[in-house]
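Below: the structure, in structure tokens.
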Amino acid sequence: MTQHAAVSPETGAPQAPTFRGANTHIGVFDSGLGGLSVLRALHKRLPLADLTYVADSGHAPYGERDDDFIAARSTQICDHLIAQSVDAIVVACNTATAAAIHLLREAYPHLPIIGVEPGVKPAVAHSINKRIGVLATPSTLASDKYKRLIEMHARGATLVSQPCPGLAKEIESGQLDTPALRQLVERFAQPLRDANVDTVVLGCTHYPFVAPLFQQALGERVTVMDTAQAVAEHTARLCARTSGQHPRASGGHSSAGTLSFCTSADPAHLATVVANWLGVQCDVSRLD
């Protein structure tokens, strides 16, 4: 069957199922390297969109910072991305989403700002025994946003919220299978095994990069879930609605799937990680 592109009757812009990101520039940021899991999903879903990634590794991990600091850094990074003429911003950090996204949306009401959150709702729908583990930073699990998420979507299910202090920081090293990392994974997986969960949510964008270690520690019968693909789909829907509505300065972006990277830490480290984790060779600029 031949499929035809769906077009919005209101704007004439292509709708999400066939929208591939043409003429769209999306900014993505995280406290460090974890948001690369979201960037990977966005690039796969929107191969024609230009993506600019900011790793705030010089101030990572956010999970060990207070909300005021996170909000200040998030605002500074958004200002940087807006100066690059982005059409949308993805806050690819669960901690920053919980602490600051409401402030960012108030500060930039003209711009779609997409956050990430632990996938409690799909996990409840998927689980057979309704016993679900959530792996996240202590800050995310303590946030009001996470509490509201549980109230909205976890009814009838037992949630085991497992804080993972130090795990994101260990992943930041760029090595995804070390004795120290396996020790942390085992420590955080043990309570979930004891609780007999059958579904585990990766509630930090760093954690998908060590999903194989968690799968091994939890066992094959446990489903390990992350939300990167859902975030990419939601971003595609929002960008499809606004595609072509706003004149854009070129800013050196081609609207043809260009990937740009900057970091507040060592550019060489981010370039190495991008090459190893995503298979992409890139130049990285420095952000103060």
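A quick note: this is a predicted structure, and the numbers were derived from the prediction, not measured.
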Exercise. How many angstroms lie between atom CG of Asp79 and atom CD of Gln84, to the nearest 0.5 angstrom?
Worked result: 11.5 Å
Exercise. Taking Thr227 for the side chain and Gly119 for the main chain, is one N or O donor matched with an acceptor at less than 3.5 Å?
Worked result: no
Exercise. With no hydrogens and no angle check, is any side-chain donor or acceptor of Arg45 less than 3.5 Å from a backbone partner on Gly21?
Worked result: no
For this session: I would like to know whether Arg182 and Asp177 meet salt bridge (charged side-chain N to carboxylate O under 4.0 Å, His left out); could you show each step before the answer?
Result: CA-CA 7 Å; Arg182 283 184 173 270; Asp177 191 354; 2.7 Å; yes
For this session: Using a 4.5 Å cut-off on heavy atoms from C-beta on, say whether the side chain of Thr24 contacts that of Phe19.
Result: yes
Exercise. What distance separates Thr158 OG1 from Asn196 CG, expressed to the nearest 0.5 Å?
Worked result: 10.5 Å
For this session: Verify side chain to side chain contact (heavy atoms under 4.5 Å, CB included) between Leu135 and Leu192, making sure each step is shown before the conclusion.
Result: CA-CA 9 Å; Leu135 297 160; Leu192 304 187; 3.8 Å; yes
Exercise. How far apart are the closest heavy atoms of Cys78 and Phe29, and which atoms are they?
Worked result: SG-CE2, 3.9 Å
Exercise. Are Phe69 and His59 close enough that their ring centres sit under 6.0 Å apart?
Worked result: yes
Exercise. With distance as the sole test, does Gln162 use its side chain to make a donor-acceptor pair with the main-chain N or O of Ala189 at under 3.5 Å?
Worked result: no
Exercise. Are the side chain of Thr223 and the backbone of Thr199 linked by a donor-acceptor contact shorter than 3.5 Å?
Worked result: no
Exercise. Above 12 or not: heavy atoms from other molecules or residues under 6.0 Å from CD of Glu186?
Worked result: yes
Exercise. Hey, does Cys239 have a side-chain heavy atom less than 4.5 Å from the side chain of Asp87?
Worked result: no
Exercise. Transitively linked via ILVMFWY side-chain contacts under 4.5 Å: Leu111 with Leu103?
Worked result: no
For this session: Please say whether more than 12 non-hydrogen atoms of neighbouring residues, nucleotides or ligands are located less than 6.0 Å from CD in Gln229.
Result: no
Exercise. Do Glu220 side-chain atoms and Gln215 backbone N/O form a donor-acceptor pair below 3.5 Å?
Worked result: no
Problem set entry | Where Ala71 and Ala100 come nearest, the two heavy atoms and their spacing | CA-CB, 3.9 Å
Exercise. Any chain of hydrophobic side-chain contacts (each under 4.5 Å) joining Leu33 to Val210?
Worked result: yes
Exercise. Would you call Phe261 and Thr263 a side-chain contact if the rule is heavy atoms closer than 4.5 Å?
Worked result: no
Exercise. Hey, are the side chains of Ser57 and Glu172 touching, using non-hydrogen atoms and a 4.5 Å cut-off?
Worked result: yes
For this session: Test Ser264 against Arg73 for side chain to side chain contact (heavy atoms under 4.5 Å, CB included), laying out the working first.
Result: CA-CA 11 Å; Ser264 58; Arg73 288 301 302 171; 4.2 Å; yes
For this session: Measure the OG1-CD1 distance between Thr52 and Ile89 for me, rounded to the nearest 0.5 Å.
Result: 10.5 Å
Exercise. Any sub-3.5 Å donor-acceptor pair from Arg286's side-chain atoms to Ala265's backbone N or O?
Worked result: yes
For this session: Show your working on side chain to side chain contact (heavy atoms under 4.5 Å, CB included) between Lys147 and Asp144 and close with a plain yes or no.
Result: CA-CA 5 Å; Lys147 294 172 185 175; Asp144 289 337; 4.2 Å; yes
Problem set entry | 4.5 Å side-chain heavy-atom contact, Val90 and Tyr53 | no
Exercise. Within the distance-only criterion (no hydrogens, no angle test), does the side chain of Arg40 pair as donor or acceptor with the backbone N or O of Leu278 below 3.5 angstrom?
Worked result: no
Problem set entry | For the student: nearest non-hydrogen atoms of Cys262 and Leu287, plus distance | SG-CB, 4.4 Å
Exercise. Linking I/L/V/M/F/W/Y whenever their side-chain heavy atoms sit closer than 4.5 Å, directly or via other members, would Val160 and Leu149 fall into one cluster?
Worked result: no
For this session: Look only at the side chain of Thr97 and the backbone of Gly115, and say whether a donor-acceptor pair between them is shorter than 3.5 Å.
Result: no
Exercise. Which heavy atom in Asp30 sits nearest to a heavy atom in Cys93, and how many Å separate them?
Worked result: OD1-CB, 2.9 Å
Problem set entry | Rounded distance [0.5 Å steps], CD in Gln175 versus CG in Leu181 | 10.0 Å
Exercise. Taking the side chain from Lys130 and the backbone from Val124, do they hold a donor-acceptor pair closer than 3.5 Å?
Worked result: yes
For this session: Please tell me if the side chains of Asp198 and Arg221 come closer than 4.5 Å, counting only heavy atoms from C-beta onward.
Result: no
Exercise. Between His206 and Glu170, is any side-chain donor less than 3.5 angstrom from a side-chain acceptor?
Worked result: no
For this session: Please check if Met225 and Val200 belong to a single hydrophobic cluster, counting links between Ile, Leu, Val, Met, Phe, Trp and Tyr side chain heavy atoms closer than 4.5 Å.
Result: no
For this session: Return the minimal non-hydrogen interatomic distance between Ser37 and Ala228, and the atom names on each side.
Result: O-CB, 3.8 Å
Exercise. When hydrophobic residues are tied together by side-chain contacts of less than 4.5 Å, even through go-betweens, does Ile114 share a cluster with Leu39?
Worked result: yes
Exercise. Taking atom types as modelled, is there a side-chain donor on Ser139 or Thr95 under 3.5 Å from an acceptor on the other?
Worked result: no
Exercise. So, Asp226 side chain and Pro208 main chain: donor-acceptor pair closer than 3.5 Å or not?
Worked result: no
Exercise. Hey, what do you get for NE2 (His25) to OG (Ser260), rounding to the nearest 0.5 Å?
Worked result: 6.0 Å
Problem set entry | Minimum side-chain heavy-atom gap Val134-Tyr146 below 4.5 Å | yes
Exercise. Between the side chains of Asp56 and Tyr62, does any donor sit under 3.5 Å from an acceptor?
Worked result: yes
For this session: Specify the closest pair of heavy atoms between Trp277 and Leu176, including all atoms of both residues, with the distance to one decimal.
Result: CZ2-CD2, 3.3 Å
For this session: Using a 4.5 Å cut-off on heavy atoms from C-beta on, say whether the side chain of Thr75 contacts that of Tyr108.
Result: yes
Exercise. Is atom CG of Asp283 surrounded by more than 12 heavy atoms (other residues, nucleotides or ligands) closer than 6.0 Å?
Worked result: no
